[in-house]
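Let me begin by presenting the structure, written as structure tokens, before commenting on it.
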Amino acid sequence: MKKKNNFILTGVLMLGGALNSYATEYLPTNDFFTDGQTWHLERITGTGDDQTSAEIEVRVDGEEFVMAEYNEDGKTDYLPALCKRLVVKENDEEIGTYMVYPLSGKILVKSDKKNEFVALLDFNCGKVNTIKFCSKTYDVTGVDYIFIGNLLRKRVKCNSDDSECNYVYGVGAKEWSLSSDYWPDNSTYKLISMTTAEGVEISPESLDRPKAECDNKFWTQDKRWDMVTYYPLFPEQDDVHRYWKVDGEMTLGQKEGEMVCPRYLECNSDWEPRVPELSYAVVSLNDQVYQYDNSEDRFLLVYDFNVEVGDQAERFNEESVIVNIDEITVNNRKFKRIIFAGASEENGDYKYWVEGIGANGKNKLNISVWPTDGSNLRMDACYQGNECIFTYDDFSGSSGVSNITTEKGVQTNNVYDLHGRIISEPKAGTIVISQGKKHIAN
């Protein structure tokens with residue numbers, strides 16, 4: 001591969017990675033980089049009459065397993081990592097490829113010059129007063145959250161004696177300069193635009209929008225869930241009950257822009273905290289539900305009720321294709337329901353999501369409660385205060401609504417394959433999905 005500049009790696013400094021959204025494949029889990037994600041940058045080199053500029057495109061394209069040293073806090077490790085590949089182009093000509101890897105809230109980039117992973121961005125800023133950004137130390141002056149590119153993203157505000165370094169998770173900074181031993185580049189980079197893998201374009205100006213104001217319609221105070229771990233292959237084993245509820249508030253950070261959120265915690269049979277220190281900050285807005293990841297100091301997307309028929313909730317899981325969206329009435333309340341391809345299977349990981357309630361199976365409300373011993377998980381009941389507002393059986397109740405038209409104009413009485421694609425003439429003997437259930441086409 002022909003390379004013009006080994007210092008183009010600096011183009012990734014503004015990459016914070018994007019949480020996958022819902023246009024064609026919605027992932028509750030969160031990657032830093034998504035294939036197809038693209039940044040358009042202006043690179044300015046030199047000063048005065050010698051100044052030149054060029055447009056640089058940085059695109060996420062595939063992945064590759066690499067090994068390199070990683071130095072942190074005086075300790076050196078030889079780190080194997082499955083990295084995302086960044087392809088860099090200038091004037092439509094490929095001029096370099098670089099490997100990036102997320103680790104503990106940091107963005108690592110492999111430096112070919114020293115065969116090392118270098119931490120270029122650190123999103124653990126809510127827990128520290130200073131951060132290092134490419135060999136320079138900055139004071140963290142504020143951390144808040146903005147809704148940008150269809151997702152709630154962290155915004156970090158920091159400065160040094162002579163410069164500022166404000167950036168947004170999944171988007172990056174509007175402008176920066178860099179010179180270090182790892183990347184011998186004295187250019188200035190400006191963000192022209194960033195496009196998510198789903199085609200949502202983000203402008204530099206949108207990084208300055210006001211911080212998000214959350215509605216928290218999902219995480220209402222005193223809402224409680226009875227979650228049950230059961231063993232379908234070992235029926236002689238007793239069920240294990242896990243109780244979770246929203247109780248009180250948590251404050252994230254101690255700087256300008258701090259966010260006060262509902263607190264979500266595990267409880268015993270009397271609804272008292274079982275492990276008080278095991279609690280999580282949670283928010284909801286724009287029909288999306290988030291939980292704060294304490295280890296990486298950022299919000300993770302749990303549910304997105306903006307999904308449409310044909311979207312897929314989990315990569316490589318055909319049971320998670322959304323095949324129907326309707327409404328059900330329970331206890332004189334109407335709820336929006338998402339039905340997955342796995343709804344017809346007894347032990348499908350995905351069956352139903354109900355807005356305001358959650359999922360009937362692996363609820364994804366908290367990573368720590370996921371079964372790892374072959375057991376399964378279900379929601380037995382959801383309470384608001386002392387009132388039971390929803391039960392497990394209500395998920396599969398009759399809606400009285402034959403179909404709902406989504407914004408894409410998709411009718412939910414269509415026939416789909418296991419990937420959520422509409423089939424006009426299904427082949428006999430193939431498995432198809434209709435009205436939320438699997439059938440063998442005649």
Side-chain angles (χ1 to χ4, degrees), residues 1 3-19 30-41 43 56-73 75-90 94-125 131-138 154 156 158 165-191 194 197 296-298:
M1 178 186 65
K3 290 187 178 182
K4 290 184 179 178
N5 300 290
N6 288 329
F7 54 77
I8 299 301
L9 174 60
T10 53
V12 305
L13 289 177
M14 50 77 67
L15 306 183
L19 305 180
N30 308 112
D31 297 334
F32 271 50
F33 298 92
T34 310
D35 282 352
Q37 197 172 341
T38 306
W39 288 260
H40 295 279
L41 314 172
R43 186 186 65 202
I56 304 296
E57 177 189 281
V58 181
R59 182 180 177 86
V60 183
D61 186 13
E63 55 192 16
E64 187 174 325
F65 188 84
V66 300
M67 297 186 70
E69 287 187 356
Y70 176 52
N71 301 286
E72 184 177 28
D73 299 329
K75 181 181 178 182
T76 300
D77 290 322
Y78 203 64
L79 181 68
L82 182 62
C83 297
K84 280 294 187 180
R85 182 187 303 110
L86 300 183
V87 176
V88 185
K89 292 184 178 181
E90 180 178 348
E94 185 174 320
I95 58 176
T97 59
Y98 297 94
M99 303 300 162
V100 293
Y101 179 64
L103 178 67
S104 300
K106 297 181 180 180
I107 301 295
L108 307 185
V109 181
K110 182 177 178 292
S111 167
D112 292 333
K113 182 178 180 180
K114 293 194 174 184
N115 194 35
E116 292 183 11
F117 280 108
V118 182
L120 296 182
L121 287 178
D122 186 351
F123 288 96
N124 298 304
C125 302
I131 62 170
K132 282 191 175 181
F133 181 73
C134 301
S135 74
K136 181 179 285 190
T137 300
Y138 289 82
K154 173 182 285 188
V156 177
C158 49
C165 176
N166 301 337
Y167 52 90
V168 173
Y169 179 86
V171 180
K174 291 194 296 184
E175 181 178 337
W176 69 95
S177 299
L178 172 68
S179 178
S180 73
D181 293 336
Y182 293 97
W183 326 115
D185 179 12
N186 294 316
S187 300
T188 297
Y189 288 83
K190 293 184 177 181
L191 175 65
M194 177 262 193
E296 296 192 357
D297 196 22
R298 61 190 175 98

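Hydrogens, waters and symmetry mates are skipped; everything else that's a heavy atom, side chains included, is used.
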So, taking the atom named [atom1] in [X] and the one named [atom2] in [Y], what distance separates them when rounded to the nearest 0.5 Å?
X      : Y      : atom1 : atom2 : result
His40  : Lys89  : NE2   : NZ    : 10.5 Å
Tyr167 : Lys154 : OH    : NZ    : 9.0 Å
Asp112 : Thr97  : CG    : OG1   : 7.5 Å
Glu57  : Ile95  : CD    : CD1   : 10.5 Å

Pair Val109, Val100 - check side chain to side chain contact (heavy atoms under 4.5 Å, CB included), show working.
CA-CA 4 Å; Val109 181; Val100 293; 3.6 Å; yes
So Tyr70 and Leu103, side chain to side chain contact (heavy atoms under 4.5 Å, CB included) or not? Walk me through it.
CA-CA 11 Å; Tyr70 176 52; Leu103 178 67; 4.0 Å; yes
Side-chain contact, heavy-atom cut-off 4.5 Å: [X] with [Y]?
X      : Y      : value
Leu191 : Leu41  : yes
Glu63  : Asp35  : no
Tyr169 : Val156 : no
Val87  : Val58  : no
Glu175 : Thr188 : yes

If I compare all heavy atoms of Lys110 with all of Ala68, which pair ends up nearest, and what's the gap?
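Residues Lys110 and Ala68, closest heavy atoms: CE-CB, 4.1 Å.
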Please give me the minimum heavy-atom distance between Met99 and Cys83, naming the atom from each residue.
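Looking at all heavy atoms of both residues, the shortest contact is CB-CB, 3.7 Å.
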Can a donor-acceptor pair be found, under 3.5 Å and without considering hydrogens, that links the side chain of Arg59 to the backbone of Thr38?
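Absent.
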Should Leu79 and Tyr101 be marked as a side chain to side chain contact (heavy atoms under 4.5 Å, CB included) after you check the CA-CA gap, both sets of side-chain angles, and the distance that decides it?
CA-CA 11 Å; Leu79 181 68; Tyr101 179 64; 4.1 Å; yes
Check the pair Trp39, Ile56 against side chain to side chain contact (heavy atoms under 4.5 Å, CB included), reporting the backbone distance first and the verdict last.
CA-CA 8 Å; Trp39 288 260; Ile56 304 296; over 6 Å; no
